[in-house]
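Bear in mind the structure is a predicted one, so any value in this text is a computation, not a measurement.
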Number of protein chains: 2
Amino acid sequence: MLKISELAAKTGLSAHTIRFYEKHGLISASERSEAGYRYYNDADIRRAEFVKTARNIGFSLEDISQLLSIRVDKTSHSCQEVTDITQHKLDEVNAKIAELESMQHTLSILLESCCGGPEKATHCSIMEALEAGDVKKSRSAA
Amino acid sequence: MLKISELAAKTGLSAHTIRFYEKHGLISASERSEAGYRYYNDADIRRAEFVKTARNIGFSLEDISQLLSIRVDKTSHSCQEVTDITQHKLDEVNAKIAELESMQHTLSILLESCCGGPEKATHCSIMEALEAGDVKKSRSAA
DNA sequence: GTTGACCTTAGAGTAGACTCTAAGCTTATA
DNA sequence: TATAAGCTTAGAGTCTACTCTAAGGTCAAC
């Protein structure tokens with residue numbers, strides 16, 4: 001049985017974050033001492049590590065919440081439910097990458113166009129491009 | 001001279017956003033009617049479009065603020081200052097892309113490993129991988 | 001002269017994931 | 001026994017970039 005700071009040390013999550021996750025239903029301590037201290041057993045620890053792993057991959061707390069409900073009763077859920085969550089996340093990631101690559105492209109072109117030297121910015125080609133507005137739109141509404 | 005909704009129509013920013021930008025010092029109306037209505041002249045409009053362009057590229061409002069101070073007095077600033085901001089943004093974008101590509105990679109591997117079918121999730125390989133924690137860390141602290 | 005569209009302000013709300021604070025117990029160590 | 005480290009809670013603050021609301025003034029058209 002670990003205390004919160006020990007679980008923190010073990011998982012690399014902060015004690016604050018563990019309490020935050022508890023408030024949001026992701027993690028809980030199956031026991032409390034008389035003084036109210038949280039005590040985590042092996043199952044709790046595995047759950048916390050599951051959360052940590054999923055978070056590190058990039059899943060949102062909402063996604064993790066869904067994955068956890070599958071986890072506690074795997075026989076009531078299908079592989080498809082799991083792949084749906086994963087695919088959805090991958091779609092999001094791909095969309096974000098595309099957006100960032102567009103920014104990357106624009107920024108690279110701007111950088112190539114400018115001398116970058118100690119010259120006064122009076123005729124800076126980056127500034128000129130921004131003035132002219134002749135740059136692609138990289139950002140989506142998100 | 002345009003009223004705020006006209007500037008909104010012209011730039012594609014909402015009137016709300018224009019007021020928000022004003023509050024943060026990015027845009028202002030050089031004139032006000034007696035009733036307090038904002039009126040934008042050509043210089044104001046060009047500034048608003050500059051902001052819009054920079055935002056679309058992906059610059060933060062803080063970045064844009066710096067670019068604007070260079071813009072109003074180009075002789076006091078060098079090309080290097082402009083490329084520094086741009087390069088810094090590009091570095092950020094590249095870092096974010098790397099992080100997302102790592103997530104993309106992990107998610108793709110997870111998806112490949114799972115049948116994704118109507119089978120019960122009891123032996124779902126995605127769940128197993130999350131349990132085992134044997135996935136790369138994709139997320140940085142940011 | 002009234003309707004309706006448009007403008008004003010300060011300030012609150014949204015999203016996501018923490019992060020910290022204050023005030024006060026509890027526990028371990030010297 | 002005193003001190004420090006660690007725990008508890010509710011709740012506020014952080015960050016970015018908006019987005020919206022309420023309550024009210026203004027303006028053009030019919």
Does [X] place a side-chain N or O at less than 4.0 Å from the phosphate oxygens OP1/OP2 of [N]?
| X | N | value |
| --- | --- | --- |
| B/Arg32 | C/dT9 | yes |
| A/Tyr21 | C/dC18 | yes |
| A/Ser5 | D/dC7 | yes |
| B/Arg38 | C/dT9 | yes |

Whichever of A/Glu6 and B/Gly58 has the more 5' nearest nucleotide on DNA chain D, that residue is A/Glu6
Donor-acceptor pair between A/Asn41 and A/Glu31 side chains, under 3.5 angstrom
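There is no such pair (donor and acceptor under 3.5 Å, judged by atom type) between the side chains of A/Asn41 and A/Glu31.
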A/Glu128/B/Arg71 salt bridge by N-O under 4.0 Å criterion
no
When you look at A/Glu92 and A/Lys89, which way does the salt bridge (Lys or Arg N to Asp or Glu O under 4.0 Å) test go after all the steps?
CA-CA 5 Å; A/Glu92 268 179 28; A/Lys89 187 72 208 171; 3.1 Å; yes
Distance, rounded to the nearest Å, where [X] contributes [atom1] and [N] contributes [atom2]:
| X | N | atom1 | atom2 | answer |
| --- | --- | --- | --- | --- |
| A/Tyr37 | C/dA28 | OH | C1' | 10 Å |
| A/Leu61 | C/dA15 | CG | C1' | 12 Å |
| B/Ile64 | D/dT16 | CD1 | P | 13 Å |
| A/Arg19 | D/dT9 | CZ | P | 7 Å |
| B/Phe20 | D/dA17 | CZ | C1' | 5 Å |
| A/Met1 | D/dC7 | CE | C1' | 16 Å |
| A/Lys3 | C/dT26 | NZ | C1' | 9 Å |
| B/Asn56 | D/dA17 | CG | C1' | 14 Å |

If you look at every strand shown and take non-hydrogen atoms under 4.0 Å, does B/Arg55 touch a base, only sugar-phosphate, or nothing?
sugar-phosphate
Applying a 4.0 Å non-hydrogen cut-off, can you work out what A/Ser60 is touching in the nucleic acid: base, sugar-phosphate, or nothing?
sugar-phosphate
Apply salt bridge (Lys or Arg N to Asp or Glu O under 4.0 Å) to the pair B/Glu131 and A/Lys74, showing each step before the final yes or no.
CA-CA 13 Å; B/Glu131 295 280 356; A/Lys74 289 181 182 152; 3.7 Å; yes
Could you check A/Ser33 against A/His24 and say which one's nearest nucleotide on DNA chain C is further toward the 5' end?
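Nearer the 5' end of the strand: A/His24.
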Is the shortest side-chain heavy-atom distance between A/Leu26 and A/Leu68 below 4.5 Å?
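They are in side-chain contact.
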